[in-house]
Amino acid sequence: MKAICVREFGGPEVLKLEQVPDLKPGAGQLVVRVHAVGVNPVDTYIRAGVYPRKPQLPYTPGTDAAGTVESVGAGVTTFRADDRVYTATTLSGAYAEQALCDAALVFPLPAHVSFAQGAAMHIPYATAFRALFHRAQAQGGETVLIHGASGGVGIAAVQLARAAGLHVIGTAGSDRGKQLVAAEGAHQVLDHNHSSHFEEALAATAGRGYDIIVEMLANINLGRDLGILAPKGRVVVVGNRGTAEINARDIMTRDGSILAMSLWNATPRELTSIHSALVAGLENRSLRPIIGHEFPLAEASRAHVAVMQSGAYGKIVLVP
Ligand code: NAP
């Protein structure tokens with residue numbers, strides 16, 4: 001089979017398509033014939049060698065794949081050959097024609113959901129779910145600012161928060177992104193490139209502030225987020241690309257909280273619980289992953305450039 005191999009950390013050009021041996025499942029494992037692969041910003045940090053988690057070289061990137069079951073190992077009773085599935089991490093890497101997986105971290109893909117949409121599930125939707133419900137303890141009736149709503153995690157957070165009965169304000173940086181965020185359920189959409197967007201965000205709550213802010217770019221926004229929190233409001237840091245300065249008085253006066261999360265910290269049991277809820281959301285169509293761009297697997301390097309550019313529109317996926 002063909003797989004993207006990284007033999008040295010570096011720029012997007014280190015992603016090379018190679019011929020590698022076919023995979024065989026061990027006990028409790030299965031092999032997925034990959035039809036689509038989710039490209040996540042973290043894949044680029046790992047490839048560049050700047051992320052705390054460094055795989056042993058050479059490695060095949062990626063955690064999020066969708067496809068059909070090709071073969072199952074001993075003891076696997078949950079899936080059979082040809083079942084449609086998506087993965088919540090893989091053992092061998094997702095940027096490939098086949099992926100070896102722990103059967104406990106593979107989930108069924110409903111018939112009406114495309115493989116590309118399946119590949120958009122794990123990192124984006126599980127992160128949004130964990131940020132909203134495990135970390136911020138979101139409740140129906142609360143008001144949430146999804147700060148960076150046009151990308152993979154943001155669209156997932158908008159759909160999940162709407163389905164749970166929150167009042168949702170989302171931000172994006174392009175007209176196309178703003179239209180998407182509105183179409184996916186935000187009650188109001190703001191432009192995070194406007195210098196007055198914090199004032200507009202506060203005005204959108206009639207001056208009360210936000211119960212929850214899901215933050216995709218904390219180094220830019222965290223300091224000012226604290227000034228638009230409601231009493232007992234909480235910010236959940238999901239994305240960060242630098243350092244931030246805050247005035248702690250802004251959270252003191254509100255009994256507020258700064259929370260943070262990394263999906264890597266979710267236990268297998270938590271992941272199973274989260275994905276059970278996500279599969280239900282796919283089935284009842286409250287969750288509808290948006291695919292903005294598809295690249296052939298061989299063009300993974302172009303996808304890595306694209307995922308770091310502004311003007312996000314849902315997910316970028318690779319197609320083997
Ligand atoms: P993505 O699809 O590339 O989307 C990036 C988002 O950030 C877009 O909505 C973009 O909006 C927005 N953004 C750009 N400038 C912004 C600003 N000044 N203020 C607020 N938002 C801004 O990436 P993603 O997959 O959604 O991930 C978002 C971030 O979370 C990334 O940094 C990623 O590494 C991180 N992440 C963390 C975890 C975790 O476990 N903690 C898990 C997944 C992702 P426009 O392009 O419209 O300007």
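Every number for a ligand or one of its atoms is a count from 1 in the order of the listing. Position 1 is the first residue of the sequence, and the numbers go up from there.
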Can you name the atoms of ligand 1, numbered from 1 with element, that are less than 4.0 Å from a heavy atom of [X]?
X      : value
Arg241 : 31 (C), 32 (O)
Thr127 : 38 (C), 42 (C), 43 (C)
Leu263 : 39 (C), 40 (O)
His147 : 20 (C), 21 (N)
Ser310 : 46 (O)
Gly173 : 45 (P), 47 (O), 48 (O)
Ile123 : 43 (C)
Val307 : 3 (O)

How close does the nearest protein non-hydrogen atom get to [atom], and which residue and atom is it?
atom                    : answer
atom 23 (O) of ligand 1 : Pro41 CG, 3.4 Å
atom 27 (O) of ligand 1 : Val153 CG2, 3.7 Å
atom 20 (C) of ligand 1 : Asn221 ND2, 3.3 Å
atom 9 (O) of ligand 1  : Ser150 OG, 2.8 Å
atom 2 (O) of ligand 1  : Gly152 N, 2.9 Å
atom 41 (N) of ligand 1 : Met261 O, 2.8 Å
atom 36 (N) of ligand 1 : Val238 O, 3.7 Å
atom 34 (O) of ligand 1 : Tyr45 OH, 2.5 Å

Ignoring hydrogens, just give me the one of Leu217, Ile316, Asn219 whose non-hydrogen atom is nearest atom 17 (C) of ligand 1. Leu217

Proximity winner for atom 22 (C) of ligand 1, if only heavy atoms of Gln309, Arg176, His192, Met216 are counted: His192

Report yes or no: do [X] and [Y] belong to one cluster of Ile/Leu/Val/Met/Phe/Trp/Tyr joined by side chain heavy-atom distances under 4.5 Å?
X      : Y      : result
Leu222 : Val153 : no
Val238 : Leu166 : yes
Leu282 : Leu278 : yes
Val189 : Met216 : yes
Ile4   : Met1   : no

Do any heavy atoms of [X] fall under 4.0 Å from ligand 1?
X      : value
Gly311 : yes
Ala312 : yes
Met308 : no

Does the protein place any heavy atom closer than 4.0 Å to atom 5 (C) of ligand 1? no

Does Glu142 come within less than 4.0 Å of Arg234, counting only side-chain N to carboxylate O? yes

Charged N to carboxylate O below 4.0 Å: is that the case for Lys16 and Glu8? no

Result for ring-ring contact (aromatic ring centres under 6.0 Å, His included) between His304 and one of Tyr45, Tyr95, Phe295 points to Tyr95

Do Leu259 and Met261 make a side-chain contact, defined as non-hydrogen atoms from C-beta onward lying under 4.5 Å apart? no

Might you point out which heavy atoms bring Thr87 and Thr63 nearest each other, and give the distance in Å? OG1-O, 3.0 Å

If I compare all heavy atoms of Asn247 with all of Leu226, which pair ends up nearest, and what's the gap? O-CD1, 4.2 Å

Backbone N or O of Thr267 within a donor-acceptor pair of the Glu270 side chain at under 3.5 Å? yes

How about His275 and Tyr86: are their ring centres within less than 6.0 Å of each other? yes

Between Val42 and ligand 1, does any nitrogen or oxygen pair lie at a separation below 3.5 Å? no

Going by the angle between their ring planes, with limits at 30° and 60°, are Tyr51 and Trp264 parallel, tilted or perpendicular? tilted

